[in-house]
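Below is one structure, written out as structure tokens; the observations come after it.
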Amino acid sequence: MAYNFKEVEKKWQTKWEKEGTFNAKNDYTLPKWYGLIEFPYPSGQGLHVGHPRSYTALDIIARKKRLEGYNVLYPIGFDAFGLPAENYAIKNNIHPSIVTEQNVKHFKEQLKSIGFSFDWSREVNTTDPKYYKWTQWIFIQLFKHGLAYKTTMPINYCTSCKVGLANEEVVNGVCERCGGEVIQKEKSQWMLKITDYAQRLIDDLDDVNYLEKIKIQQKNWIGRSEGAEVKFKIDGTDKNLLIYTTRPDTIFGATYMVVAPEHSIIDELKDKITNFDEIEAYKTQASKKSDFERTELSKEKTGVEIKGIKAVNPLTNELIPIWISDYVLITYGTGAIMAVPAHDTRDYEFATKFKLPIVQVITNKENNVNIDKEAYTDTEDGILINSGFINGMTVKEAIKAVIKYLDEKKIGTPKVNYKLRDWVFSRQRYWGEPIPMVHCEKCGWVPLDEKDLPLLLPEVDEFLPGENGESPLAKQTDWIKTTCPHCGGPAERETDTMPQWAGSSWYFLRYMDAHNDNALASKEALEYWSPIDWYNGGMEHTTLHLLYSRFWHKFLYDIGVVPTKEPYAKRTSHGMILGNNGEKMSKSKGNVVNPDEIVDEFGADTFRTYEMFIGPFDQSTPWSMESLRGCNKFLDRVWNLTEILIDGDTYSKDFEKMMHKAIKKVSYDYENMKFNTAVSTFMTMVNEFYRLKRINKAEFETFLILLNPIAPHITEELFEKIGNTQTIAQSKWPTFDESKTIDDEIELPIQINGKLKTTICVPLDSTQDDIKPLIHEKISMALEGKNIVKEIYVKNKIYNIVIK
RNA sequence: GCGAGUAUGCUGGAAUUGGCAGACAGGCACGUUUGAGGGGCGUGUGCGGUACACUGCGUAUGGGUUCAAGUCCCAUUACUCGCACCA
């Protein structure tokens with residue numbers, strides 16, 4: 001009989017929803033397991049086939065954990081603030097909340113049709129005032145603890161979105177979202193002091209179980225470097241030029257200095273500079289370039305010597321020139337460097353172009369370093385020369401010695417620097433959380449009273465940002481006018497909104513207690529469910545979202561809100577699903593697969609099975625319609641197993657070993673995200689059942705429970721069909737007996753000189769003496785007239801005879 | 001340029017510890033079911049030679065360690081991802 005997936009899947013989905021089968025229990029005495037997937041942004045395009053890859057994977061683990069007796073929290077929600085909805089609103093003059101609501105509805109239908117075991121009773125939506133009340137609350141706490149501050153600074157500004165962007169949102173010099181040109185613009189912005197947490201964000205990675213590459217990415221992004229700040233006296237003045245270097249050992253080779261175009265020393269010493277006009281011209285030219293252009297033109301370095309002033313090398317006492325160049329960034333270190341062309345690639349390039357002296361101060365053990373063509377930057381084998389008291393030292397020794405010397409003479413101090421910048425938290429946009437701050441003439445920036453939260457996003461009918469990059473809210477004069485919560489005087493509201501990262505930086509906490517009106521979640525819920533046991537998501541979020549949410553979590557830990565330092569005990573990432581041509585799926589390439597069509601034509605179980613069978617979970621793999629049909633065929637064969645079903649309360653002799661091995665293998669594979677090999681195990685089992693043309697009830701039930709996490713509908717239906725009154729969801733995960741997974745006879749390969757000749761069946765754990773005669777007999781032909789040099793026997797593995 | 005990863009038949013991929021390379025699928029071919037289009041069942045399928053129960057070669061390339069290497073070591077190449085003048 002054919003399997004009617006439409007009817008069956010609907011039947012079970014309705015039952016699960018009605019009975020709340022997968023809702024987490026509020027019984028805090030049970031062992032818990034909290035699995036998390038990245039909640040989707042409800043885009044107009046609907047679900048992508050990539051979403052279910054992650055969702056199915058953790059769904060499998062969640063379902064297994066439930067059968068193992070855990071109280072499982074596997075929640076879902078929507079990260080619904082964001083630019084696409086707003087841009088759509090501007091274009092079609094529809095309120096973003098309407099578009100968002102429609103999209104969320106569509107997403108929910110899609111997600112439900114795939115049969116995920118989400119706890120829908122805890123669904124969150126970042127645009128819900130009951131939710132963003134707490135996003136605003138967290139912001140106020142950050143402000144109260146000095147971690148939110150307002151400053152005017154050059155920010156990345158997208159000329160097309162008309163919005164300020166965080167560094168993270170600028171990709172290859174263009175806007176991450178729209179691809180528009182990004183320029184620098186001075187703007188007063190709310191900033192979050194994530195840099196205060198830089199070191200802890202590195203250190204605490206030791207305590208969590210993330211994939212190693214994720215840890216590396218986080219560390220690289222934070223970009224810690226150890227070095228020293230050194231004062232270079234400016235000749236004939238009482239001023240110093242403070243520089244940062246990670247190579248204080250090369251100080252004897254510093255032949256010039258470079259300052260960033262924005263450096264304050266230029267204005268401070270204006271009177272002494274003889275070519276001030278030229279310098280000003282260079283500054284203007286540099287400021288016109290976006291960050292991207294500055295880096296893209298990296299091949300050709302530009303710069304101008306600042307004439308009239310010279311710096312003094314504190315170790316050689318030589319006078320060296322000071323240059324201005326945009327290859328030095330004002331945002332890193334002190335915005336000034338000592339240039340050591342002989343041992344730094346960039347300085348080498350610059351010195352060559354402007355014919356500045358290059359002095360070698362490091363050589364290798366063989367003393368055959370040649371710096372005629374390029375800089376010598378090796379720090380492992382380097383030995384100091386031409387460097388006074390540090391001559392002959394290794395690079396490492398010299399760094400220590402120089403720092404000690406500078407410290408004693410009070411001209412330098414050891415210093416750690418990070419690439420990480422503070423987080424630009426303002427967006428000049430409508431569709432985001434309003435920042436709950438008011439500006440009072442008398443009191444400055446004052447947060448709203450917590451009892452007045454949430455500060456609702458006002459209803460407006462125009463969403464276009466203002467001409468000079470103002471938020472659309474800046475036009476809402478009635479809304480802006482308010483009173484100061486501190487002194488009661490007249491005050492104005494902040495009109496910028498929060499970035500999309502805000503709502504996603506703490507959503508996992510809300511799931512623990514999603515309907516609490518008195519706190520972001522109750523103490524008890526936080527104590528019980530923290531930390532998240534397993535978080536899976538895309539590699540594209542392993543730097544920013546992960547870093548931001550870890551930062552917020554650490555802050556909440558510091559102020560006693562959450563019980564753990566880190567939010568996620570474990571983090572894994574899935575590979576992308578590509579189009580059938582091996583390229584990234586995109587509308588323009590016409591290789592997009594729509595999940596709805598797959599579910600409609602083949603059913604959710606086939607879709608889920610294929611998503612898991614497609615390839616190694618952590619790697620990118622192309623989609624294949626043919627392969628999908630193979631999974632469909634497999635499930636049909638599972639369905640038809642009832643035709644060869646016989647009675648039996650225990651595993652039959654023929655299949656006993658296979659069953660125990662399968663339980664072991666499938667359990668291991670699920671826990672280790674090796675879903676593709678788990679599916680192939682099931683396929684092999686089905687082939688075996690058909691080969692012997694029978695399967696008994698005990699075997700079938702175990703098989704169905706093992707397969708259930710991947711294909712929940714068909715397995716529940718079959719489980720019921722063969723006479724069970726309880727469902728698989730109410731059953732226990734099967735156990736196996738290790739001794740029954742071991743074969744008592746093995747097929748031992750026999751090799752001659754490492755090449756396979758034949759195999760022989762021998763009892764398990766046979767000794768070499770036992771089997772030697774058998775083996776010699778079996779391959780006597782090949783051994784005839786040969787001289788046996790050596791015989792190697794590895795028990796239960798191999799028998800290798802070395803002959804001459 | 002720096003960091004990380006990947007490389008196995010016609011294709012997706014297996015091969016927990018160095019021990020029978022190619023599991024499981026897809027595709028293709030042939031057969032079969034006296035019913036045809038993406039139907040079911042079965043057989044075959046790494047490449048080459050062939051006396052077809054035999055044999056040579058084979059896991060990106062070149063070397064090495066080992067009785068034994070897809071797996072370990074060294075070098076090289078190609079592709080993917082992330083970062084990119086961070087001193």
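Labels below follow one simple rule: chain letters A, B, ... track the order of the sequence lines, proteins then strands, and each chain is numbered from 1. This is a predicted model, so every value here is computed, not measured.
Minimum atom distance to the side chain of A:Asn800 is reached by B:C67, of the listed B:G12, B:C41, B:C67. Proximity note for A:Ser627 (side chain, C-beta onward) versus B:C85, B:A87, B:G26: the nearest is B:G26. Distances from the side chain of A:Ile216 to the nucleotides B:U16, B:U17, B:G3 place B:G3 closest. Nearest to the side chain of A:Val328, among B:C20, B:G26, B:A87, sits B:A87. Closest contact between the side chain of A:Thr684 and the listed nucleotides B:A87, B:C85, B:C24 involves B:C24. Considering only the side chain of A:Leu756, B:C20 comes nearest among B:C83, B:C67, B:C20.
For A:Tyr244 and B:A87, the shortest distance from a side-chain N or O to OP1 or OP2 is not below 4.0 Å.
Residues A:Ser225 and A:Asn417 have side chains that never bring a donor and an acceptor to within less than 3.5 angstrom of each other.
A distance-only check finds no donor-acceptor pair linking the side chain of A:Glu747 to the backbone of A:Thr759 [under 3.5 Å].
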Please lay out, stage by stage, how A:Tyr793 and A:Leu748 fare under the test side-chain contact (heavy atoms from CB on, under 4.5 Å).
-> CA-CA 10 Å; A:Tyr793 173 57; A:Leu748 188 77; 3.8 Å; yes
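Look at CG on A:Asp344: it is 14 Å from C1' on B:C2, rounded to the nearest Å. To the nearest angstrom, P of B:C83 lies 8 Å from CG of A:Leu544. Across the protein-nucleic acid pair, A:Met683 atom CE and B:G12 atom P stand 17 Å apart, rounded to whole Å.
Under a 4.0 Å N-O distance rule, the pair A:Asp600/A:Lys6 qualifies as a salt bridge.
Among the protein residues, A:Lys755 comes within range of the sugar-phosphate backbone only, with heavy atoms under 4.0 Å from sugar or phosphate atoms but none that close to a base.
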